[in-house]
> 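Just passing along the structure, written as structure tokens.
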Amino acid sequence: MARFKLGELGLLAVYGLCRVLPLRWVSNFGAWRGRYHGRIRAELEARVRQNLAQIAPQAEAGAVLTTLRRESGRAALEVLVSDRLVKARCVHWEACAELDEAVKQNRSVVFALVHVCNLGDVLGGDILDRFAHFRTREVVVRTIKSPVMRYIVKRCRARLLREMAGQIEAPHAGQARRALTELQNPPAMLMLHVDEARAHQVPFPPFGQNEHASSKGTNAAYAVRFARKAGACLVPVVMQRQPEDPLRFEVRTLAVWDMAQTAQSDAQVLAAMAQAFESVILQEPGRWLNLYHRRPITAEPQKPR
């Protein structure tokens with residue numbers, strides 16, 4: 001128990017330092033240290049090699065692991081200063097006429113994100129800050145078990161929301177109904193990380209693995225369904241760190257589906273969204289943080305943690 005408390009105090013100390021140090025120092029220290037160590041790192045890197053053998057057999061595993069260690073280390077510390085990164089205007093968006101038009105028409109939007117280069121809070125925070133016209137905002141995030149980490153992240157998110165109407169929270173009873181009701185009264189926004197884990201697996205994007213499962217009970221399927229039922233726009237976006245400047249992020253809109261008008265079925269939209277994200281990930285697999293956590297179909301069954 002004492003060890004646990006000491007670890008939590010250490011996390012608070014790291015948080016305090018990150019709040020006052022220059023952003024570049026914070027990010028670079030994370031890149032140098034990495035996120036995982038010891039036995040856990042060995043297990044995760046073995047899984048990465050298995051994943052690469054399936055989804056990117058031509059990739060050089062050593063180079064991918066080096067990039068992944070640095071990216072995951074940066075992301076782990078950048079979460080602690082996500083609000084500072086957003087306010088410092090580190091995030092830049094490529095122009096997208098379709099998204100601009102949806103905003104101009106005060107349409108409700110469902111944003112779909114994946115964990116490329118960050119854990120979600122930096123891009124998610126920038127969306128909250130950039131699209132301030134939404135009447136309400138619903139952001140679905142994973143459950144954070146550590147009470148101290150939960151407190152730290154909640155503080156950053158509160159700074160980003162400020163006085164804006166919105167919720168940033170883990171899934172719970174009644175959330176889906178509330179989110180759908182809000183989307184049906186535009187302009188409202190729902191944000192989902194579509195590569196979140198389910199049952200200790202990352203089923204989306206599927207990369208040809210268990211593709212039938214990607215349409216059941218996943219955030220990706222929920223994103224499509226909510227947008228369809230609300231007649232909203234579904235907008236998958238990806239944020240990529242620029243090699244020449246690690247604190248400059250570029251956001252690209254992969255598609256804008258007007259789910260009130262499109263002739264494509266939900267299954268077709270889901271497949272197209274999967275293909276779009278897979279194409280981005282395969283360009284630089286070392287920048288997809290869930291490469292650590294996806295379990296190949298050849299892996300041994302995992303015991304619940």
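Each residue takes its place number in the sequence, starting with 1. Source: prediction; values computed, not measured.
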> Nearest 0.5 Å, please: how far is CD in Gln58 from CG in Leu282?
11.5 Å
> Side chains of Phe134 and Val109: closer than 4.5 Å at any heavy-atom pair?
yes
> Locate the shortest heavy-atom distance separating Pro57 from Ala53; write the atom from each residue and the value.
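Minimum heavy-atom separation between Pro57 and Ala53: CB-O, 3.8 Å.
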> Using a 4.5 Å cut-off on heavy atoms from C-beta on, say whether the side chain of Pro186 contacts that of Asn106.
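SC-SC contact between Asn106 and Pro186 ruled out.
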> Show your working on side-chain contact (heavy atoms from CB on, under 4.5 Å) between Leu254 and Val237 and close with a plain yes or no.
CA-CA 6 Å; Leu254 301 183; Val237 295; over 6 Å; no
> Before you tell me yes or no, could you show the steps for Glu182 and Arg137 under salt bridge (charged side-chain N to carboxylate O under 4.0 Å, His left out), namely the whole-Å CA-CA distance, both residues' side-chain angles and the distance that decides it to 0.1 Å?
CA-CA 8 Å; Glu182 297 292 357; Arg137 300 151 191 81; over 6 Å; no
> Can you find a heavy atom in the side chain of Ser27 that is under 4.5 Å from one in the side chain of Leu77?
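Side-chain contact under 4.5 Å: no.
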> Indicate the atoms forming the closest heavy-atom contact of Pro205 with Ala274, along with that distance.
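Pro205 and Ala274 have their closest heavy atoms at CB-O, 3.9 Å.
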> Could you tell me which non-hydrogen atom of Val194 sits nearest to which non-hydrogen atom of Ala112, and how far apart they are?
CG1-CB, 3.7 Å
> Can you list every pair that meets salt bridge (charged side-chain N to carboxylate O under 4.0 Å, His left out) and has a residue in residues 264-279, with sequence neighbours left out?
Arg228-Asp266
> Evaluate whether atom NZ of Lys229 has more than 12 neighbouring non-hydrogen atoms of other residues, nucleotides or ligands under 6.0 angstrom away.
no
> Using the salt bridge (Lys or Arg N to Asp or Glu O under 4.0 Å) criterion, which residues pair with Glu60? Sequence neighbours excluded.
none
> Looking at Gly62, is its backbone amide N or carbonyl O close enough to the side chain of Thr66 to form a donor-acceptor pair, meaning the two atoms are under 3.5 Å apart?
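Pair found, side chain donor or acceptor close to backbone of Gly62.
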> Backbone N or O of Ala61 within a donor-acceptor pair of the Arg49 side chain at under 3.5 Å?
no
> Answer yes or no: are there more than 12 heavy-atom neighbours, outside Gln268 itself, under 6.0 Å from its atom CD?
yes
> Do any pairs count as a salt bridge (charged side-chain N to carboxylate O under 4.0 Å, His left out) and have a residue in residues 234-257, sequence neighbours left out, and if so which ones?
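Only Arg24-Asp245, Glu71-Arg241, Glu78-Arg241, Arg248-Glu250 qualify under salt bridge (charged side-chain N to carboxylate O under 4.0 Å, His left out).
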> Scan the side chains in residues 115-131 for donor-acceptor partners under 3.5 Å anywhere in the protein, sequence neighbours excluded, and list what turns up.
from	atom 1	to	atom 2	distance (Å)
His115	ND1	Asp195	OD1	2.7
His115	ND1	Asp195	OD2	3.3
His115	NE2	Leu119	O	3.3
Asn118	OD1	Gly120	N	2.6
Asn118	ND2	Val116	O	3.2
Asp121	OD1	Arg157	NH2	3.2
Asp121	OD2	Arg157	NE	2.9
Asp121	OD2	Arg157	NH2	3.4
Asp126	OD2	Trp93	NE1	2.7
Asp126	OD2	Arg130	NE	3.0
Asp126	OD2	Arg130	NH2	3.4
Asp129	OD2	Arg89	NH1	3.1
Arg130	NH2	Val91	O	3.1

> Please determine whether side-chain hydrogen bond (donor to acceptor under 3.5 Å, both in side chains) holds for the pair Arg74 and Asn28, giving the CA-CA distance in whole Å, both sets of side-chain angles, and the decisive distance to 0.1 Å.
CA-CA 7 Å; Arg74 288 187 189 276; Asn28 287 346; 3.0 Å; yes
> Can you find a heavy atom in the side chain of Met191 that is under 4.5 Å from one in the side chain of Val110?
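No, too far: nothing below the 4.5 Å cut-off.
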> Please list, chain by chain and in numerical order, all residues satisfying side chain to side chain contact (heavy atoms under 4.5 Å, CB included) with Glu284, sequence neighbours excluded.
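Expected list: Arg287.
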> Before giving the answer on side-chain contact (heavy atoms from CB on, under 4.5 Å), spell out for Phe207 and Ile281 the whole-Å C-alpha distance, their side-chain angles and the decisive distance to 0.1 Å.
CA-CA 10 Å; Phe207 291 101; Ile281 290 167; 3.9 Å; yes
> Can you check whether His133 reaches Pro187 side chain to side chain, under 4.5 Å on heavy atoms?
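In short, these two side chains touch, coming nearer than 4.5 Å.
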> Considering all heavy atoms of both residues, which atom of Gly231 and which atom of Arg107 are nearest to each other, and what is their separation?
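Heavy atoms of Gly231 and Arg107 come nearest at O-NH2, 2.8 Å.
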> Listed by chain and number, what are the side-chain hydrogen bond (donor to acceptor under 3.5 Å, both in side chains) partners of Tyr292, not counting sequence neighbours?
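Not a single residue meets the side-chain hydrogen bond (donor to acceptor under 3.5 Å, both in side chains) criterion with Tyr292.
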> Would you say the side chain of Ser108 lies within less than 4.5 Å of the side chain of Phe226, judging by non-hydrogen atoms?
no
> With a 4.5 Å limit on heavy-atom distance, are the side chains of Leu80 and Val26 in contact?
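In short, these two side chains do not touch, never coming nearer than 4.5 Å.
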> Test side-chain contact (heavy atoms from CB on, under 4.5 Å) on Met259 and Val224; report intermediate values, then the result.
CA-CA 8 Å; Met259 298 302 287; Val224 175; 3.9 Å; yes
> Any donor and acceptor pair, going by atom type alone, linking the side chain of Thr262 with main-chain N or O of Asp258 inside 3.5 Å?
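Checked: no pair found.
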> Kindly write out the residues that satisfy side chain to side chain contact (heavy atoms under 4.5 Å, CB included) with Asp100, not counting sequence neighbours, or none if the list is empty.
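With neighbours one apart ignored, the set is empty.
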> Please determine whether the number of non-hydrogen atoms from other residues, nucleotides or ligands lying under 6.0 Å from atom CG of Leu17 exceeds 12.
yes
> Could I get the full list of side chain to side chain contact (heavy atoms under 4.5 Å, CB included) partners for Ala88, not counting sequence neighbours?
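Counting only residues at least two positions away or on another chain, Ala88 forms a side chain to side chain contact (heavy atoms under 4.5 Å, CB included) with Leu23, Cys90.
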> Do Trp288 and Pro285 touch side chain to side chain, with heavy atoms closer than 4.5 Å?
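Trp288 does not reach Pro285 side chain to side chain.
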> What's the spacing between Thr136 OG1 and Asn185 CG if we round to 0.5 Å?
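Taking OG1 in Thr136 and CG in Asn185, the distance rounds to 8.0 Å.
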> To the nearest 0.5 Å, how far apart are CE in Met149 and NZ in Lys154?
14.5 Å
> Output all residues satisfying salt bridge (Lys or Arg N to Asp or Glu O under 4.0 Å) with Arg69, sequence neighbours left out; order by chain, then residue number.
Glu45
> Phe204 vs Met273, test: side-chain contact (heavy atoms from CB on, under 4.5 Å). Steps then yes/no.
CA-CA 10 Å; Phe204 190 92; Met273 184 165 64; 4.1 Å; yes
> With sequence neighbours left out, what residues match Arg33 under side chain to side chain contact (heavy atoms under 4.5 Å, CB included)?
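Applying side chain to side chain contact (heavy atoms under 4.5 Å, CB included) to Arg33 gives Phe29, His37.
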> What heavy-atom pair brings Cys156 and Arg19 nearest, and what distance separates the two atoms?
SG-NH1, 3.8 Å
> For a salt bridge (charged side-chain N to carboxylate O under 4.0 Å, His left out) check, start with the C-alpha distance between Glu43 and Arg39, then their side-chain angles and the critical distance, and finish with the verdict.
CA-CA 6 Å; Glu43 291 177 358; Arg39 179 181 57 82; 2.7 Å; yes
> Name the residue from Gln201, Gln209, Gln50 that meets the side chain to side chain donor-acceptor pair (under 3.5 Å) definition with Arg294.
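Exactly one candidate clears the test, Gln209.
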> Minimum heavy-atom separation for Arg47 to Pro296, with atom names?
CG-CD, 4.1 Å
> So which pairs with a foot in residues 238-281 pass ring-ring contact (aromatic ring centres under 6.0 Å, His included), sequence neighbours left out?
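ring-ring contact (aromatic ring centres under 6.0 Å, His included) check on residues 238-281 returns no pairs.
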> By side-chain hydrogen bond (donor to acceptor under 3.5 Å, both in side chains), which residues pair with Gln105, not counting sequence neighbours?
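Applying side-chain hydrogen bond (donor to acceptor under 3.5 Å, both in side chains) to Gln105 gives Glu101.
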> Donor-acceptor pair, Arg178 side chain versus Glu138 backbone, under 3.5 Å?
no
